[in-house]
Amino acid sequence: MSYVSGLTCRECATEYETAPRSICEECFGPLEVAYDYDRLRRTFGRETVAARARSMWRYRELLPIDGDRILGQEVGYTPLVSAARLAGRLGVDELYVKNDAVNFPTLSFKDRVVSVALTKAREFGMTTVGCASTGNLANSVAAQGVRHGFDTCILVPEDLEAAKILGTTVYGVRLVGVAGDYDQVNRLCSQIADRFGWGFVNVNLRPFYGEGSKTVGFEIAEQLGWKRPAHVVCCMAGGSLLTKIGKGFDELTRLGLIDEGTTRLHGAQPRGCNPIVAAVKDGSGEIRPVKARTIARSLAIGNPADGYYAARAIRRSGGFAEDVTDAELVDGIRLLAETEGIFAETAGGVTVAAARKLIASGRIPRHEPIVLVITGNGLKTTDALVSTAAAHPIIEPRLDAFERVLSDAAVEAALSKASDAPPPGPSLSTSSGRPATAAPPSSGRPLA
Amino acid sequence: MPVQVRIPSVLRRQTEGAESVLLEGETLGDILEGLETRYEGLRGKLRGPRGEIRRFVNIYVNDSDVRLLDGSTTPVTDGDEVIIIPAVAGG
């Protein structure tokens, strides 16, 4: 049963019937899915959700589908990780990581929005789906598109990270590289969707697609025990995700699943592509497009479609926004990896590094719960780390060679611990003598 | 040779179905004025009361977003292409 009542213009409130359209004919404003919340309030509750399988579709009444044929039943419900070690490093009491780096099937939050968009494309009878992408969306449209039997047409900037290109072409889809930046790719896709009538997930299917991002907010609240976090820090490219996370909390409040209250939404962008952060910081809320220059390619959108709404959502929630340099975002990737064992892509590094700044400046108080939204997987953007990767020693397969790469103190400590413990078999402490002259650890041969 | 203006489908109700229109002028503002004069239904949709390009409208002159150029005062010459596209897409 569907609770969707149609599409409404966010600017002038003109109403439209549900159809593959995203733009108001009166004012060019974006269309937003409207739901019958009164009816939902009577039928939808925590127990509805709890009784279902652990995927984003446990919130299906709040997603804009009309039928029962869901494409991507397994998507979502990623871990909310309690991040005590990272909290310690950032000097805060309570910190969580919403880890969409392990989303199914393509390791980014885009799996959520694509699952909704393809479900909708099938309902509309479309047979070809496509997107303009900075990489993660391409991966997801490719994987989910082929799995569900769509023809695909995916456009990306020609110079994307190799892993993101490979992670698209491996599915045997039609991928087209465009000699230009994302904003140019996006413009071309608007023209293609206009001419061919294909289902471009982030163009003419955008109102439906965007709703998938609400499930990040739904899941965070549920995983916190049906509570809002005081703060969410989220990276921004087009700005839709942050806006929809806020909408997700508000819908749960409206339906009585969580209490009233505020969640301060904080946005993060790379310094080389920061139009939304600039709009928040200068107080104008108006987006001035930029030419993107950053290693965080998935955030390199110079003219963000939801920038205005993201800046407004941040301001209204009492949150703030911060930008970080490429060096800072690489530090952010390392910090998250070294403390929590989570390898985020460059965008996640932006989120961590921006959170660090927001905490240091007092914009995020140290004693309130914070959730960092990690949107993509570090294995897709290893290029960003290669030049700064620490060398590790390579040794001959001999015990003395191994001992040489440990510091003297480490060897002594390991040997004394081994001799203290009751030996399960031959004792380590008697198995080998320590060479008289130990080489320092740096003598290991680095990888070429 | 005048300037060619590409009209997106969402606006073609106002342009009697025309996908592209040829107009003359020295600036983008001249072109938009010419467009609004020919199709009165477009007046107020692309530009606000002070002539500013509306938030949800992107206009390109030969591939470049005019917000990165000089907005309505961006010069145009014969043979240029002006593309009007709804802003809300992508991401």
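As a basis for the values below, the full set of heavy atoms in this structure was taken, side chains included, without hydrogen atoms, waters or symmetry mates. Note on naming: letters A, B, ... go to the chains in the order of the sequence lines (proteins, then strands), and numbering restarts at 1 for each one.
Closest non-hydrogen pair, A:Asn186 versus B:Ala89, comes out as ND2-O, 2.9 Å. Closest heavy-atom contact between B:Asp65 and A:Pro289: OD2-CG, 4.1 Å. Across B:Ala87 and A:Ala305, no two heavy atoms sit closer than the pair O-CB, 4.0 Å.
Heavy-atom contacts from other residues, nucleotides or ligands closer than 6.0 Å to CZ of B:Arg38 number more than 12. Within a 6.0 Å sphere centred on CD of A:Glu17, heavy atoms belonging to other residues, nucleotides or ligands number 12 at most.
Ion pairing between a basic and an acidic side chain is recognised when a charged N comes within 4.0 Å of a carboxylate O; B:Asp63 and A:Arg187 show such pairing. Ionic pairing of A:Glu286 and B:Arg55 is present here: one or more N-O contacts between side-chain nitrogen and carboxylate oxygen are shorter than 4.0 angstrom. The existence of a salt bridge linking A:Asp194 and B:Arg12 is confirmed by a sub-4.0 Å separation between a basic side-chain nitrogen and an acidic carboxylate oxygen.
Judged by distance alone, the side chain of A:Tyr182 and the main-chain N or O of B:Gly91 form a donor-acceptor pair under 3.5 Å.
Contact annotation for A:Asn303: only side-chain heavy atoms (C-beta onward) come within less than 4.5 Å of a heavy atom of chain B. When heavy atoms are compared at a cutoff of 4.5 Å, A:Tyr209 approaches chain B solely by way of its side chain, counted from C-beta outward. There is no contact between A:Cys131 and chain B, counting heavy-atom distances below 4.5 Å. When heavy atoms are compared at a cutoff of 4.5 Å, B:Asn58 approaches chain A solely by way of its side chain, counted from C-beta outward. Only the side chain of A:Glu11 has a heavy atom closer than 4.5 Å to any heavy atom of chain B. Contact of A:Val290 with chain B is made through the backbone alone, with heavy-atom distances under 4.5 Å. Interface remark: B:Ile85 contributes backbone and side-chain atoms alike to the contact with chain A (heavy atom separation under 4.5 Å).
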Any chance you could lay out the side chain to side chain contact (heavy atoms under 4.5 Å, CB included) test for A:Ile23 and B:Val88, step after step, and finish with the verdict?
CA-CA 7 Å; A:Ile23 304 294; B:Val88 180; 4.1 Å; yes
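Contacts with chain B were tallied for A:Pro30, A:Gly238, A:Ala132, A:Ala237; A:Pro30 has the most, counting heavy-atom pairs under 4.5 Å.
With values rounded to the nearest 0.5 angstrom, A:Arg195 atom CZ is found 6.5 Å from B:Glu19 atom CD. Taking CD1 of B:Ile83 as the reference point, atom OG of A:Ser190 lies at 10.5 Å (rounded to 0.5 Å). With values rounded to the nearest 0.5 angstrom, B:Ser9 atom OG is found 11.0 Å from A:Gln191 atom CD.
Between B:Phe56 and A:Tyr308, the ring-plane angle classifies as perpendicular under the 30° and 60° cut-offs.
Looking at heavy atoms from C-beta onward, A:Phe28 lies out of side-chain contact with B:Lys45 at the 4.5 angstrom threshold. A:Glu25 has its side chain within reach of B:Arg13: a pair of non-hydrogen atoms, C-beta onward, lies under 4.5 Å apart.
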